[in-house]
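What follows is a short report on a single structure.
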Protein chains: 2
Amino acid sequence: MMTNEATGAMDESRTEAGTGTLGKAIAVLEAVVTADGPQRFTDILARSGQPRGTLHRLLSHLVEEDLLIQRRDLSYEPGLRLLTLAYRSWSANRFRDVAEPHLQRLHELTGETVHLGILRETEIVYVDKVESRQTVRMSSQIGKASPAYCTGIGKAALSLLGQPQLERVLARTEFHAFTSHTHRSAATLLAEIEEIRRDGHAFDREEHEAEIRCVAAPISIPGGELAAGISVTGPAYRVTMEQLSAWAAPVREVARAIGEEAVIRLGPGRGGP
Amino acid sequence: MMTNEATGAMDESRTEAGTGTLGKAIAVLEAVVTADGPQRFTDILARSGQPRGTLHRLLSHLVEEDLLIQRRDLSYEPGLRLLTLAYRSWSANRFRDVAEPHLQRLHELTGETVHLGILRETEIVYVDKVESRQTVRMSSQIGKASPAYCTGIGKAALSLLGQPQLERVLARTEFHAFTSHTHRSAATLLAEIEEIRRDGHAFDREEHEAEIRCVAAPISIPGGELAAGISVTGPAYRVTMEQLSAWAAPVREVARAIGEEAVIRLGPGRGGP
DNA sequence: AATCAAGTTCCAAATAATGGAACTATACGA
DNA sequence: TCGTATAGTTCCATTATTTGGAACTTGATT
């Protein structure tokens with residue numbers, strides 16, 4: 001018989017080894033943080049692929065920094081330092097700060113959930129959210145990453161990229177069929193991105209989650225060369241495609257307003273090359 | 001004349017240099033994350049106290065890991081990786097998961113804001129929060145750290161520590177007088193902690209913020225040797241000390257229930273020495 | 001008591017970090 | 001326009017840390 005959770009963890013995707021000393025440490029940290037329960041030394045050994053001696057030292061350092069906690073039964077869990085660091089970086093995020101009242105405004109107009117997300121590699125990271133009734137909890141999605149190719153904000157953000165950069169991202173994208181509407185290859189996605197560039201807005205037609213639709217518009221963040229976007233999301237039974245189409249114009253308008261205010265308040269950074 | 005923000009940053013508290021390679025990297029990360037705006041190389045140089053060459057390399061590594069972003073104008077900002085890591089560690093936090101329905105229950109009983117916090121060194125880190133009307137935003141406090149000596153949960157958690165451990169924490173505490181009710185030295189605090197140990201609950205009598213009171217009770221987290229607590233908080237005009245005293249019993253009861261369920265569901269870890 | 005698995009420690013070789021100083025690029029002022 | 005100050009970057013010999021296989025300790029199980 002094997003250990004309680006070891007059997008299930010055997011074939012899980014290994015966290016790819018980061019380069020450099022810091023990279024390795026963060027990779028190990030991520031391996032522990034992305035696992036669902038406390039991880040024993042052997043679990044992490046399998047997930048991280050590091051040699052025993054090396055891993056042991058890395059873990060001690062992470063514990064020393066309170067990025068991990070070691071329990072009395074020797075298993076490792078995320079420490080509190082991560083939460084504190086994230087709190088500070090989130091609450092001091094100037095772009096989010098600029099966007100917030102606009103998101104509020106859009107929520108009041110539509111009555112549905114409004115998201116703000118930033119593109120990071122092939123994923124969209126949700127940075128803020130406004131909704132009326134907190135179904136689960138308000139913050140439950142902040143920091144969450146979803147694939148870009150099957151979400152409204154993701155596709156909107158992708159539409160901001162130059163063609164070579166876009167193709168590089170799509171080459172690294174794995175097209176997982178979440179629903180029957182999910183894009184299955186780069187070909188159809190590229191065609192849709194053409195449309196998004198023309199229209200200035202993107203739809204998620206139940207591509208990531210069944211019964212969930214949204215309309216989104218892109219925003220480029222000045223100074224950081226970042227691609228972002230906002231969306232209005234709702235359940236399919238309540239939000240028809242006609243409704244979403246009607247919201248497209250205000251969503252574009254709010255996105256434009258955020259972008260404009262961001263340029264003024266955050267500065268465009270030094271110009272191009 | 002000096003740089004825009006350099007003058008103000010000169011006398012700011014320097015992030016104390018972490019030990020080891022990872023420690024230094026995280027210390028630099030923290031220096032950037034705790035600053036309020038984008039930090040230029042020279043700003044970080046002053047804040048971190050690292051030599052130029054070393055700092056430059058550390059920053060490149062942090063940018064490589066997407067823990068920091070470098071803007072086009074060369075200044076540094078927190079990257080998205082931190083938020084994603086924190087999201088995962090928060091949403092997978094089993095203790096929070098156990099506590100959540102209990103917090104909800106306590107909120108329904110009192111109608112006021114309920115907090116869950118964990119002691120970390122001399123500070124309380126807020127890990128969860130339940131409130132009805134999101135005045136600012138629900139998640140705005142998650143990950144926030146406040147001094148233990150002047151908050152309800154903080155004092156409750158301190159009361160769980162053994163005397164030598166407690167004295168070590170207090171020795172490192174700086175007693176800042178936030179209001180006229182704030183403890184000014186370890187002496188009065190120690191006396192109050194005696195009472196808290198006896199009563200099983202703690203009050204914050206406008207010690208951290210004026211016009212804000214709370215009643216709290218301690219919980220010890222099994223397996224991790226952590227001290228935690230919950231509290232019910234409200235504005236002084238609405239929540240009298242009599243009201244708080246009346247809530248003390250239910251707060252203790254909910255804390256007990258969380259602790260009990262945590263032992264069952266999370267396991268006590270291997271026993272003491 | 002013997003066996004096995006999990007976790008920890010050890011240490012010489014390989015690698016990365018260190019940090020002062022020289023260098024380059026950009027902004028500023030005359 | 002040309003110097004001059006300031007900010008940011010690169011260099012490299014020295015020093016410290018990391019590396020990782022293997023031996024060792026611990027503690028549970030039979």
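We use all heavy atoms of the structure for the numbers below, so side chains are in, but hydrogens, waters and symmetry mates are not. Worth saying up front: this structure is predicted, and the values here are computed from it rather than measured. Residue numbers begin at 1 in each chain, while the letters A, B, ... track the order of the sequences.
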Inset, instruction - State whether Glu77(A) and Arg94(B) are salt-bridged, where the test is any N-O pair (Lys NZ or Arg NE/NH1/NH2 against Asp/Glu carboxylate O) under 4.0 Å. - result: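 Salt bridge present between Glu77(A) and Arg94(B).
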Legend entry - N-O pairing of Glu30(B) and Arg81(A) below 4.0 Å: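 Counted as a salt bridge, because a side-chain N and a carboxylate O are separated by less than 4.0 Å.
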Inset, instruction - Determine yes or no for a side-chain-to-main-chain donor-acceptor pair under 3.5 angstrom, with Tyr149(A) supplying the side chain and Thr122(A) the backbone. - result: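 Pair absent, no side-chain N/O of Tyr149(A) close to backbone of Thr122(A).
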Provide, to the nearest angstrom, the distance between the [atom1] atom belonging to [X] and the [atom2] atom belonging to [N].
X: Arg52(B); N: dA21(C); atom1: CZ; atom2: P; result: 12 Å
X: Asp43(A); N: dG7(C); atom1: CG; atom2: P; result: 8 Å
X: His56(A); N: dC24(D); atom1: NE2; atom2: P; result: 18 Å
X: Leu45(B); N: dG19(C); atom1: CG; atom2: C1'; result: 12 Å
X: Asp73(A); N: dG27(D); atom1: CG; atom2: C1'; result: 14 Å
X: Leu22(B); N: dT18(C); atom1: CG; atom2: P; result: 12 Å
X: Leu58(A); N: dT19(D); atom1: CG; atom2: C1'; result: 10 Å
X: Tyr76(B); N: dA7(D); atom1: OH; atom2: P; result: 15 Å

Legend entry - Nearest-nucleotide comparison on DNA chain C, the residue closer to the 5′ end among Gly53(B) and Ser75(A):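 Per heavy-atom nearest nucleotide, the more 5' residue is Ser75(A).
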Inset, instruction - Give the intermediate values and the outcome of salt bridge (Lys or Arg N to Asp or Glu O under 4.0 Å) for residues Glu260(A) and Arg256(A). - result: CA-CA 6 Å; Glu260(A) 185 181 297; Arg256(A) 192 203 54 72; 2.6 Å; yes
Legend entry - Axial bend angle, the helix from dA1(C)-dT30(D) to dA30(C)-dT1(D): five-pair end segments, nearest 10°: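 It works out to 30° between the end axes.
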Legend entry - Between CG on residue Leu161(B) and CD on residue Glu225(B), distance to nearest 0.5 Å: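 Interatomic distance, Leu161(B) CG to Glu225(B) CD, rounded to 0.5 Å: 11.5 Å.
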Legend entry - Distance-only side-chain donor-acceptor flag, Gln70(B) / Tyr76(B), under 3.5 Å: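 Per modelled atom types, Gln70(B) and Tyr76(B) side chains form a pair under 3.5 Å.
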Legend entry - Under 3.5 Å side-chain donor-acceptor pair for Thr34(B) and Arg47(B):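 Yes, side-chain donor-acceptor contact under 3.5 Å.
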Inset, instruction - Give a yes/no answer on whether the side chain of Thr54(A) brings an N or O atom under 4.0 Å of OP1 or OP2 in dG20(D). - result: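 It does, given that an N or O in the side chain of Thr54(A) lies less than 4.0 Å from OP1 or OP2 of dG20(D).
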Inset, instruction - For dA17(C), take OP1 and OP2 only and decide whether either is under 4.0 Å from a side-chain N or O of Thr21(A). - result: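 So the side chain of Thr21(A) is within the cut-off, an N or O lying under 4.0 Å from OP1 or OP2 of dA17(C).
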Choose from [options] the nucleotide whose nearest atom is closest to any side-chain atom of [X].
X: Thr42(A); options: dT18(D), dG19(C), dG7(C); value: dG7(C)
X: Lys24(A); options: dT9(D), dG19(C), dT19(D); value: dT19(D)
X: Arg57(A); options: dG19(C), dT9(D), dT18(D); value: dT18(D)

